[in-house]
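All figures in this text were calculated on a predicted structure; none of them were measured in a lab.
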There are 2 protein chains.
Amino acid sequence: MNKSTATLKSISATLGISISTVSRVLNDRAKKYRISDATVAKIKKEADRVSFAPNQIASALRSQKTKTIALVIPDISNSYFSSMAKGLGIEARKAGYSLLLFDSLGQEKLEIEAVRLMRSRKVDGFIIAPASTNGQHIIDLKESGTPVVFIDRYIKSMAIASVCSDNVEAAYQATSYLITSGHQHIACIQGLNYLSSSADRTLGYKKALAKYHLAENKSYFLGDDFSHQSGYAATKILLENCPQVTAILSLSHLNAMGAMQAIKEAGKHIPEDISLITFDDDPLFAYLSTPLTSVDQPNEAIGIETMQLLIAQINGESNSTEQKLLKTQLILRDSVKVFNKDSEA
Amino acid sequence: MNKSTATLKSISATLGISISTVSRVLNDRAKKYRISDATVAKIKKEADRVSFAPNQIASALRSQKTKTIALVIPDISNSYFSSMAKGLGIEARKAGYSLLLFDSLGQEKLEIEAVRLMRSRKVDGFIIAPASTNGQHIIDLKESGTPVVFIDRYIKSMAIASVCSDNVEAAYQATSYLITSGHQHIACIQGLNYLSSSADRTLGYKKALAKYHLAENKSYFLGDDFSHQSGYAATKILLENCPQVTAILSLSHLNAMGAMQAIKEAGKHIPEDISLITFDDDPLFAYLSTPLTSVDQPNEAIGIETMQLLIAQINGESNSTEQKLLKTQLILRDSVKVFNKDSEA
DNA sequence: CTGAAAGCGCTAACAC
DNA sequence: GTGTTAGCGCTTTCAG
């Protein structure tokens, strides 16, 4: 079995050449050490013959570099995060890094475990979509000198770089569009509002209201989770208690699905009875019974930028604490009713 | 900075206790070596104080076990694979393994690179959704003694365990449903047909035809990729050339989306003009303009089973070459037109 | 141009 | 009960 246990030592032995020389050649440092062409050729040939693959574990132990990055996210099965993972993976590979994936299930407890474990594994850096907002484990991690960058969410109180969608602006745009379409009573179905992603979207919503001199209404804020279930429950309550509401801004695709279910069950229709815009575009939205207007976020690009930032930090080329915001796009479909200019008092 | 450089050695030094004793205590082998309670307490306290975290790299080098598993899949951003990754991750964590993620983009060339890289990283086992069917790199890998299990797809010529949906049965069921609903001219939009997943689905389709004494028609087989684009192109051709076709079996959700687009553009409607069933359920299917009947595959469960199988192999508790098939579910919605019993000659 | 040797942090066989 | 020692496979001074 185990054919491939070729090591520097074994090659060195069969060739009668020292380990260091073999190492140098196989690490492309032959020129630098002016090793003779003959020796180089011999070593390369033998390495090839036994299909030598350097033991990265040994290398990592010695060099204190694992070329590995920890990715800690709350739900890899959510297309929202998996598309970020895609960008992250592509960029990591280009730079010779591998990704250690850890799904925190959105639980701080598991996130703590992840950080502990990955630190033990001596990863060169962390990319985290934090599950909570008061993570001492992240502060400790950062203080230990390990590069960290947040993805999708940031924690205000921490001086840690992040890259996210421009959520404030995105929600501002979406809400403004609703308002200029003639809606005056707009509900906001929120996600986990202690997370910056949800909070910033709520902020953008409020900004738009203010801009157009519309009053905030406490009972128009509903929901406390990005889930289908939460969106469903929120919308049910909304439809019962606030008949004057003509539009909903949903802060996640899962929330929107719940909303659609509740609207359907109430025998109402989008957009005739109620308009809907949601965050997190999905190509399928174009084929819904009412094609859904949505905020498309550049998740793969977020992944790419995040990885570049982290790698720059690992290389000591940057230690910025910058919060990078990427532009989103409002994709207009048919789920928003447009009132005549003169339709409302 | 780097506070956490506590090692066995450093603890041993500050306590004046030998490294091995420290190691034994910190690996919960105190009892076994009958180390005095006092010593145990002292060591644990100090380890805690300096928040000792064992260097897994050193441990791996020494023990030849990395507690790491390579996951090589063609597209992590595809919900189909990311939901498998979810199950894989959950099960891996339970068993103390971490996942090294590599996205092959469906390219054999990158898959080869992945295998090389992960072997260098000395992972304890591989989970692969192979991109092609003649992978010498996989044969070499297996022969080197590294546990491997295929996920979602298998390669017939290789004696390697696999866990997949029961694609033959799933397609057989779906096609049978179409036939018993009165359809006689059913097209099959295929994915990458050299992969077992697509090929087996095609097989199930054919089995159903045979069962009901319907002839196969070469021009009813279209498509050669799991993509939106391929589904779109295939359906366009179909609608032009085969007006007698009343139903389509689509072998992936992306294909189905392409089909929907083509059908829409042709001014036709589902299911009045053409019926559609697709593989890969999506919760959004319930909210489409025509709720889409689909084959739901237990992807997360596939992930879980795959990981269990691999870990059993790593532990030497199994070296089966079993092909595990998991049951799928046909989810009936409204995209299939049901003809009257007497509607066709 | 090439080699010897130390050591990364840990485990485990072998002492006593 | 506890300590000593020899590596795992590699990188990297330091010698020559």
Less than 4.0 angstrom between a side-chain N/O of [X] and OP1 or OP2 of [N], yes or no?
| X | N | answer |
| --- | --- | --- |
| A/N27 | D/dT11 | yes |
| A/R29 | D/dT12 | yes |
| A/K32 | C/dC1 | no |
| B/S20 | D/dT2 | no |
| B/S18 | D/dT4 | no |

Among B/V148, B/I138, B/T321, which one satisfies side-chain contact (heavy atoms from CB on, under 4.5 Å) with B/M158?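 Option passing the side-chain contact (heavy atoms from CB on, under 4.5 Å) with B/M158: B/I138.
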Using side-chain contact (heavy atoms from CB on, under 4.5 Å) as the criterion, point out the one residue from A/V123, A/L310, A/V149 that pairs with A/I69. A/L310
Could you tell me the separation between the [atom1] atom of [X] and the [atom2] atom of [N], rounded to a whole number of Å?
| X | N | atom1 | atom2 | result |
| --- | --- | --- | --- | --- |
| A/L61 | C/dT11 | CG | P | 12 Å |
| B/I11 | C/dC10 | CD1 | C1' | 12 Å |
| A/L15 | C/dC1 | CG | P | 18 Å |
| B/I19 | D/dA6 | CD1 | P | 14 Å |
| A/K122 | C/dG9 | NZ | C1' | 9 Å |
| B/L8 | D/dG7 | CG | C1' | 16 Å |
| B/I57 | D/dG9 | CD1 | C1' | 13 Å |
| A/Q64 | D/dT12 | CD | P | 11 Å |

With a 4.0 Å cut-off on heavy atoms, is A/Q56 in touch with a base, just the backbone sugar-phosphate, or nothing at all? nothing
Among the candidates D/dC10, C/dG3, D/dG3, find the nucleotide nearest to the side-chain atoms of A/I17. C/dG3
Between residues 33-49 of chain A and DNA chain D, which residues have a heavy-atom gap below 4.0 Å?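 Output list: empty, so none.
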Starting from the 5' end of DNA chain D, give me the residue, A/T7 or B/R62, whose nearest nucleotide shows up first. B/R62
Decide yes or no, distance alone: a donor-acceptor N/O pair under 3.5 angstrom between the base of D/dG1 and the side-chain of B/R24. no
If you go through the side-chain atoms of A/S63, does one of them form a donor-acceptor pair with the base of D/dT12 closer than 3.5 Å?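 Result: no qualifying N/O pair found.
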Review item, side-chain donor-acceptor pairs of residues 298-305 of chain B, under 3.5 Å, at least two apart:
unit_1 : atom_1 : unit_2 : atom_2 : d
B/N299 : ND2    : B/Y80  : O      : 3.3
B/E305 : OE1    : B/K324 : NZ     : 3.0

Pairing of A/K67 and A/D124 as salt bridge, 4.0 angstrom limit: no
B/T39 and B/S36 side chains, donor-acceptor separation under 3.5 Å: yes
For residues 58-65 of chain B, run the donor-acceptor check on the side chains, cut-off 3.5 Å, and write out each pair with its distance to 0.1 Å, sequence neighbours left out.
unit_1 : atom_1 : unit_2 : atom_2 : d
B/S63  : OG     : B/S59  : O      : 2.7
B/S63  : OG     : B/K65  : N      : 3.4

Rounded to the nearest 0.5 Å, what's the gap from CG on B/L15 to OG1 on B/T21? Could you check? 10.5 Å
Checking the side chain of A/D103 only, and the main-chain atoms of A/L105 only, is there a donor and an acceptor separated by less than 3.5 Å? yes
